[in-house]
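Worksheet: the structure to be examined is printed underneath.
Nothing here was measured: the structure is a model prediction, and the numbers come from that model.
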Amino acid sequence: MSALPGVKALVFDTFGTVVDWRSGIARDARVFLAKHGRPDVDALAFADAWRRRYQPAMEAVRSGARPFTRLDVLHRENLDALLAEHGIAADEAERDWLNRAWHRLDPWPDAIPGLLRLRAKHFIAPLSNGNILLLANMAKRAGIPWDAILGAEPVQAYKPQREAYTRTAEILGLAPAEVALVAAHNGDLAAARKAGLATAFVLRAHEHGPDQATDLRADADWDAIAGSFEELADQLGC
């Protein structure tokens, strides 16, 4: 028996659910900041500040204020603004290297073994706001076993827009109910459910560090609720 009967494809939020973005960004930021004579800037705080610009940048696209713009471009604009705030000058190559930190994130320890199990019975792909190259580079480096790279760029919509979910199902040739979003974020799951997808919550209690105050539990009766990808695989009979 599966906790998600009738589901043929699992699509995954990626930043925070599959990979630990905060530690990965801080790791490369620490190198960059030291090189530019700013070891006084806390690398984790730098990562958090960069991430805080993420939703406002996408909202400009969601609202129609600007055309669809891939996340690599939004990340770079946000990075440039953050470096200006800190008074840090860096050439194009150095800024590009740091911006590619988002391509070099490490999975949570349970992610790859869990995904390999889940893939045995389901089509698996990211449903991330990351762009195709970012997600492909991340997967290639980390060994993430996606069946395809899906997400915002193929569907030209940023979560939680309804189209981000429904167009993903259309690409797969499936009804929304045959697709489940796996995410550590209750808001993402709520939008997916509203669009007709099945839902699976996986806890990531340290995505935002030891003082995380959000998404510490499932806030609704999601179709599956698990503490790890391996626990989810158990629930799905994988």
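- Under the side chain to side chain contact (heavy atoms under 4.5 Å, CB included) rule, L197 has a single partner from V7, L174, V179, which is V179.
- When all heavy atoms of I225 and Q235 are compared, the pair lying nearest together is O-NE2, 2.8 Å.
- Although no hydrogens or angles enter the test, the distance criterion places no donor-acceptor pair under 3.5 Å between the side chain of S128 and the main chain of G151.
- L79 and M138 fall within the same hydrophobic cluster, where Ile, Leu, Val, Met, Phe, Trp and Tyr residues are linked whenever their side-chain heavy atoms come under 4.5 Å apart, directly or through other members.
- Using a distance-only test at 3.5 Å, with no hydrogens or angles considered, a donor-acceptor pair links the side chain of Y158 to the main chain of L71.
- Within the 4.5 Å cutoff, no side-chain heavy atoms of R51 are placed close to those of I25.
- Panel note: side chain N99, backbone R95; no donor-acceptor pair is recorded below 3.5 Å.
- Within the 4.5 Å cutoff, the side chain of V19 has no heavy atoms near those of the W108 side chain.
- Rounded to the nearest 0.5 Å, atoms CG (D80) and CD1 (I88) are 12.0 Å apart.
- Residues R52 and D48 meet the side-chain proximity criterion, which asks for heavy atoms closer than 4.5 Å.
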- Item | From CA spacing to verdict: side-chain hydrogen bond (donor to acceptor under 3.5 Å, both in side chains), D215, H208 | CA-CA 10 Å; D215 294 312; H208 298 283; 5.8 Å; no
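- Exactly one residue among D13, D110, D188 makes a salt bridge (Lys or Arg N to Asp or Glu O under 4.0 Å) with R204. That residue is D110.
- Grouping the Ile, Leu, Val, Met, Phe, Trp and Tyr side chains by contacts below 4.5 angstrom, directly or via other members, places V11 apart from F229.
- Between F15 and L105, some side-chain heavy-atom pair lies under the 4.5 Å cut-off.
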- Task: Could you walk me through whether L133 and H103 pass the side chain to side chain contact (heavy atoms under 4.5 Å, CB included) test, one step at a time?
- Result: CA-CA 8 Å; L133 183 63; H103 297 222; 4.2 Å; yes
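- With D147 contributing its side chain and I124 its backbone, the two residues share a donor-acceptor pair below 3.5 Å.
- Nearest heavy-atom pair across F201 and A218 is CE2-N, 3.7 Å.
- Using a 4.0 Å cut-off between charged side-chain N and carboxylate O, R38 and D40 make a salt bridge.
- The distance from the OG1 atom of T14 to the CD1 atom of I144 is 7.0 Å, given to the nearest 0.5 Å.
- Side-chain atoms of E178 do not come within 3.5 Å of backbone N or O of K8 as any donor-acceptor pair.
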- Query: Does the pair L135 and L150 meet the rule for a side chain to side chain contact (heavy atoms under 4.5 Å, CB included), with working shown?
  - Reply: CA-CA 9 Å; L135 295 167; L150 304 178; over 6 Å; no
- Task: Could you give me the CA-CA distance, side-chain angles and deciding distance for R22 and E207, then say whether side chain to side chain contact (heavy atoms under 4.5 Å, CB included) is met?
- Result: CA-CA 7 Å; R22 188 172 187 259; E207 175 188 354; over 6 Å; no
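- Residues R53 and E85 are paired through a salt bridge, judged by an N-O separation under 4.0 Å between the basic side chain and the carboxylate.
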- Under the salt bridge (Lys or Arg N to Asp or Glu O under 4.0 Å) criterion, do R66 and E59 qualify, and how do the steps go? CA-CA 9 Å; R66 68 185 295 183; E59 186 55 33; over 6 Å; no
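- Put simply, NZ on K194 and OG1 on T166 are 13.0 Å apart, with the number rounded to the nearest 0.5 Å.
- Taking CG of D72 as the start and CG of N131 as the end, the distance is 4.0 Å to the nearest 0.5 Å.
- Across all non-hydrogen atoms, the minimal contact from P5 to S2 is CD-O, 3.3 Å.
- Residues L83 and V31 fall within the same hydrophobic cluster, defined by Ile, Leu, Val, Met, Phe, Trp and Tyr side chains chained together at heavy-atom separations under 4.5 Å.
- Atom-to-atom distance recorded for R141:CZ and R104:CZ is 8.0 Å, nearest 0.5 angstrom.
- Using a 4.5 Å heavy-atom cutoff, the side chains of R193 and W222 are in contact.
- Using a 4.5 Å cut-off on side-chain heavy atoms (C-beta onward), L181 and L127 make contact.
- The environment of H206 atom NE2 is sparse: at most 12 non-hydrogen atoms of other residues, nucleotides or ligands sit within 6.0 angstrom.
- Under a 3.5 Å cut-off, the side chain of E94 and the backbone N or O of D91 do form a donor-acceptor pair.
- Of the possible donor and acceptor atoms, one in the side chain of T199 sits under 3.5 Å from a partner among the backbone N and O of D223.
- In plain terms, the two heavy atoms of A233 and L118 that are nearest each other are CA-CD2, 3.6 Å.
- A chain of hydrophobic side-chain contacts below 4.5 Å, direct or via other Ile, Leu, Val, Met, Phe, Trp or Tyr residues, connects I149 to V182.
- Minimum interatomic distance between W21 and G16 (heavy atoms only, all atoms of both residues): CD1-N, 3.6 Å.
- No single ILVMFWY cluster, assembled from side-chain heavy atoms under 4.5 Å apart, contains both V73 and F68.
- The pair E163-R62 fails the salt-bridge criterion, with no side-chain N (NZ, NE, NH1 or NH2) lying under 4.0 Å from an Asp/Glu carboxylate O.
- A donor-acceptor pair is defined here as one N or O able to donate and one able to accept, closer than 3.5 Å; no such pair exists between the side chain of S23 and the backbone of D20.
- Between D234 and R117, some side-chain heavy-atom pair lies under the 4.5 Å cut-off.
- Atom CG in L203 sits 9.5 Å away from atom OG in S228 (nearest 0.5 Å).
- The pair R167-E170 does not count as a salt bridge, with every side-chain nitrogen at least 4.0 angstrom from each carboxylate oxygen.
- Looking at W50 and L98, their side chains come closer than 4.5 Å, going by heavy atoms from C-beta outward.
- The shortest heavy-atom contact between L4 and A198 is CD2-CB, 4.3 Å.
- The backbone N or O of G227 sits less than 3.5 Å from a side-chain atom of E231, completing a donor-acceptor pair.
- A centroid separation of 6.0 Å or more is found between the aromatic rings of F32 and F46.
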- side chain to side chain contact (heavy atoms under 4.5 Å, CB included) between K121 and L236: does it pass, once the steps are laid out? CA-CA 9 Å; K121 291 189 175 181; L236 272 55; over 6 Å; no
